[in-house]
Amino acid sequence: MLEKYMQGLTSKEEEKVLLHWMQHDDAARHAIQTYYENRWNNMPKSDIPAELQHKMLMNIKKCIQNETKYSGKNNNRHIGIGKKIVWKDMMKYAAAVLITLSVSVFSAYFFSMNEEEKVFVVYADKGQRSNLVLPDGTKVWLNSGSRLEYNNKYGSKERNVKLTGEAYFEVSKDKEHRFLVNTGIMDVEALGTSFNVQAYPEENKITTTLVEGMVKVNTPCKEVVLSPNQQVSYLKTTNSMSVSEIRNAEYANGWIKGVFSFNKASLEDIARELSRMYNMEIKFYSDEIKKLHFTGIIKNNSLTNVLEIISLTSPVTFEVKQDSIILDKRKS
């Protein structure tokens, strides 16, 4: 099929199969390149001066870069290399190199026009966490009740992902392809950095915390660039945004290792987070205690241990009932 393709004898269906193979199989691309390089090296070129061979190759590259399309049927096409050299006289020497150089250009164009978009989705259900490595080597950790989407065009022009919930990203550096996290309201752009994004649809606040590098955050009200140990918070109800300095940004992704970090967090917010983490329903018998605030770090504890620690420092009691937990105000 490669021989037929080089000679222009393949059908459209055969080209589609061949190009799909080259587009999706690294080993195939390497084998094809080696095949055509060997073919070129084994061709008799003694009658063409070395300088002219080099000029011919450079001109072919230039033509391809300028997106010039040559047809095997157009035998009168000329290539300017000082003298006018008839294309048909060059074909037997240049065909292999021409195809080696143009196949990636043509296949990229072919598939950008014809390949249907495919969406890949990764979930982390309540009570679970997940991690993945994107095609460019970017590492992603998903917190409980979260979802990440990307498609098969990821990295072709940009590196776009869609996040619902919470995730921590370690982005591979690539200055030519920006990395963008879309939450539906807040967009976070990075080149090579580490940051945490929390954007659960049921919560009023969306946050991005920068651990390392630099990110640009876009919200409906403002755009801001973060430095390490800064956190941006956006409130949906008021369409307002604020940037704050935090003592240790690494606590923002402590959930990866089962570490809970609270900074003046309300008991209502803490309960919501614990409910996702442990996949347990948490109910309040007293609305009064919902507004109690807590600051601290709790490491490697079960749900009941976390609640015990909270109850030791506040007027709160808890009771486990089958698949739910009841929080109430401690009676004096």
Side-chain angles (χ1 to χ4, degrees), residues 12-13 15-29 103-203 205-209 213 215-220 223 232 234 236 253 255-256 276-277 279:
K12 290 183 178 180
E13 187 62 32
E15 288 178 2
K16 184 175 181 180
V17 172
L18 183 60
L19 292 174
H20 186 275
W21 179 51
M22 289 185 284
Q23 182 75 7
H24 293 83
D25 191 328
D26 290 336
R29 290 195 294 270
V103 67
S104 61
V105 177
F106 178 65
S107 63
Y109 172 78
F110 182 88
F111 281 98
S112 66
M113 296 295 292
N114 293 281
E115 188 174 23
E116 294 183 1
E117 182 177 299
K118 298 177 182 177
V119 178
F120 303 96
V121 182
V122 181
Y123 295 93
D125 291 332
K126 287 187 176 182
Q128 299 179 356
R129 288 186 289 272
S130 181
N131 61 79
L132 67 148
V133 178
L134 294 171
D136 66 327
T138 292
K139 298 177 181 179
V140 186
W141 289 261
L142 287 178
N143 204 348
S144 301
S146 301
R147 166 190 177 115
L148 188 82
E149 296 181 23
Y150 65 98
N151 62 34
N152 55 333
K153 298 185 186 298
Y154 176 92
S156 58
K157 292 183 178 180
E158 295 184 334
R159 297 176 291 168
N160 295 320
V161 297
K162 182 178 180 181
L163 172 67
T164 303
E166 184 172 14
Y168 176 69
F169 300 87
E170 288 185 356
V171 181
S172 293
K173 292 183 179 180
D174 184 348
K175 294 182 179 180
E176 296 182 358
H177 302 88
R178 70 171 186 165
F179 184 87
L180 187 66
V181 180
N182 176 264
T183 70
I185 297 178
M186 177 186 287
D187 290 336
V188 184
E189 179 184 345
L191 292 175
T193 186
S194 302
F195 59 99
N196 193 85
V197 179
Q198 187 182 76
Y200 287 101
E202 68 273 14
E203 294 190 8
K205 184 167 70 174
I206 303 175
T207 64
T208 295
T209 307
V215 295
K216 181 169 67 176
V217 179
N218 282 285
T219 69
E223 177 182 291
V232 60
Y234 174 79
K236 301 176 188 176
N253 68 331
W255 53 266
I256 295 175
R276 280 195 300 264
M277 286 285 193
N279 195 23

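Computation of the quantities below employed the complete heavy-atom set of this structure, encompassing side-chain atoms and omitting hydrogens, waters and symmetry-equivalent molecules.
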>> I'd like to know if the side chain of Thr183 and the backbone of Ala199 have a donor-acceptor N/O pair within less than 3.5 Å.
In response: no

> Quick one: are Ser144 and Asn279 in side-chain contact, heavy atoms under 4.5 Å?
Replying inline: no

> Lys236 side chain to Glu203 main-chain N or O, any donor-acceptor pair under 3.5 Å?
Replying inline: yes

> With distance as the sole test, does Asn152 use its side chain to make a donor-acceptor pair with the main-chain N or O of Lys118 at under 3.5 Å?
Replying inline: yes

> So which heavy atom on Arg159 is nearest to which on Ala190, and how close?
Replying inline: NH2-O, 4.4 Å

> Which atom names give the shortest non-hydrogen contact between Tyr168 and Ser194, and what distance separates them?
Replying inline: OH-CB, 3.2 Å

> If you draw a 6.0 Å radius around CD in Glu202, do more than 12 non-hydrogen atoms from other residues or ligands fall strictly inside?
Replying inline: yes

> With a 4.5 Å limit on heavy-atom distance, are the side chains of Asn253 and Trp141 in contact?
Replying inline: no

> Which value, rounded to the nearest 0.5 Å, describes the distance between Asp187 atom CG and Glu223 atom CD?
Replying inline: 10.0 Å

>> To the nearest 0.5 Å, what is the distance between CZ on Phe195 and CD on Glu170?
In response: 10.5 Å

> Is the distance between the ring centroids of Phe120 and Tyr154 less than 6.0 Å?
Replying inline: no

> At their closest point, which heavy atom of Thr164 faces which heavy atom of Pro201, and how far apart are they?
Replying inline: CG2-CD, 3.7 Å

> In chain order, what residues pass the side-chain contact (heavy atoms from CB on, under 4.5 Å) check against Thr219, with sequence neighbours excluded?
Replying inline: Met186, Val217, Cys221, Lys222, Tyr234, Met241

>> Any non-hydrogen side-chain atom of Thr138 less than 4.5 Å from a side-chain atom of Tyr150?
In response: no

>> Could you tell me if the side chain of Arg129 sits less than 4.5 Å from the side chain of Ile256, heavy atoms only?
In response: no

> Would you say Tyr200 and Asn143 make side-chain contact, with heavy atoms under 4.5 Å?
Replying inline: yes

> Does the side chain of Asn160 come within less than 4.5 Å of Asn182's, by heavy atoms?
Replying inline: no

>> Quick one, Val161 with Phe169, criterion side-chain contact (heavy atoms from CB on, under 4.5 Å). Give me CA distance, side-chain angles, the key distance, then yes/no.
In response: CA-CA 11 Å; Val161 297; Phe169 300 87; 4.2 Å; yes

> Roughly how far, to the nearest 0.5 Å, is CZ of Arg147 from OG of Ser130?
Replying inline: 13.0 Å

> Roughly how far, to the nearest 0.5 Å, is CG of Asp136 from CG of Asp174?
Replying inline: 7.0 Å

>> I'd like to check Leu163 versus Leu142 (side-chain heavy atoms, cut-off strictly below 4.5 Å). Are they in contact?
In response: yes

>> Between Leu148 and Val140, is there a side-chain heavy-atom distance shorter than 4.5 Å?
In response: yes

>> With rounding to the nearest 0.5 angstrom, report the NZ to CG distance, Lys216 to Leu180.
In response: 9.5 Å

